[in-house]
Amino acid sequence: GASNMRSLGLWRIDKNKPFKSIRLGFERPVLDGILKEMISGKIIYIRYHKKYDEFTHDEEVSLKGFSNAYNTLNIFYAKMK
């Protein structure tokens with residue numbers, strides 16, 4: 001039933017191997033791998049189940065501009081330390 005899949009999600013950048021999320025978010029080192037692929041990627045495909053929903057939901061999100069934004073945030077973060 002849907003309760004068994006309530007937070008399962010798959011993230012795939014371009015045609016790379018998907019990352020599986022059991023809960024909200026990812027932990028390191030998986031997160032580092034996702035960020036590395038997102039920086040050089042074009043599209044992220046996300047498949048997930050909403051809580052108490054038996055149907056799969058698919059989303060595609062463009063990664064255009066992601067690498068610039070990520071690098072800018074890292075510059076600001078370094079200055080705040």
Side-chain angles (χ1 to χ4, degrees):
S3 61
N4 295 335
M5 305 178 280
R6 70 172 189 244
S7 296
L8 178 66
L10 294 172
W11 290 33
R12 175 180 290 209
I13 292 92
D14 298 330
K15 297 201 183 271
N16 298 326
K17 180 181 173 187
F19 296 94
K20 185 186 290 187
S21 170
I22 304 282
R23 294 196 168 91
L24 297 175
F26 297 92
E27 295 182 4
R28 291 197 185 319
V30 174
L31 178 59
D32 296 325
I34 293 170
L35 288 172
K36 183 178 177 183
E37 288 187 20
M38 288 176 72
I39 289 167
S40 62
K42 294 184 182 344
I43 298 208
I44 184 167
Y45 303 92
I46 304 167
R47 172 169 285 171
Y48 61 95
H49 291 271
K50 292 181 181 177
K51 194 171 185 177
Y52 307 116
D53 184 350
E54 63 184 283
F55 299 104
T56 303
H57 300 273
D58 294 318
E59 300 286 337
E60 287 183 19
V61 179
S62 171
L63 293 171
K64 182 178 180 179
F66 179 83
S67 62
N68 289 337
Y70 183 78
N71 291 333
T72 300
L73 285 173
N74 279 326
I75 291 168
F76 286 134
Y77 180 72
K79 289 180 179 182
M80 291 173 47
K81 284 185 172 183

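Residue numbers run from 1 in the order of the sequence given.
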Output the distance between atom OG (S21) and atom CD1 (I46), rounded to the nearest 0.5 Å. 10.5 Å
If I take atom NZ from residue K17 and atom CZ from residue R12, how far apart are they, to the nearest 0.5 angstrom? 10.5 Å
Result for side chain to side chain contact (heavy atoms under 4.5 Å, CB included) between W11 and one of V30, V61, I44 points to I44
With a 4.5 Å heavy-atom cut-off, do R28 and L31 have their side chains touching? yes
Closest approach of E37 to N16 (non-hydrogen atoms, all atoms of both residues): OE1-ND2, 3.1 Å
Does the distance from a Lys or Arg side-chain N to an Asp or Glu carboxylate O, for R47 and D58, drop under 4.0 Å? yes
Which atom pair, heavy atoms only, marks the closest approach of Y45 to D14? CE1-O, 3.4 Å
L63/I13 under side chain to side chain contact (heavy atoms under 4.5 Å, CB included): CA gap, chis, key distance, verdict: CA-CA 9 Å; L63 293 171; I13 292 92; 4.0 Å; yes
So which atom in S67 and which in I39 form the shortest heavy-atom distance, rounded to 0.1 Å? CB-O, 3.4 Å
For residues Y70 and L35, determine if any side-chain heavy atom of one lies less than 4.5 Å from a side-chain heavy atom of the other. yes
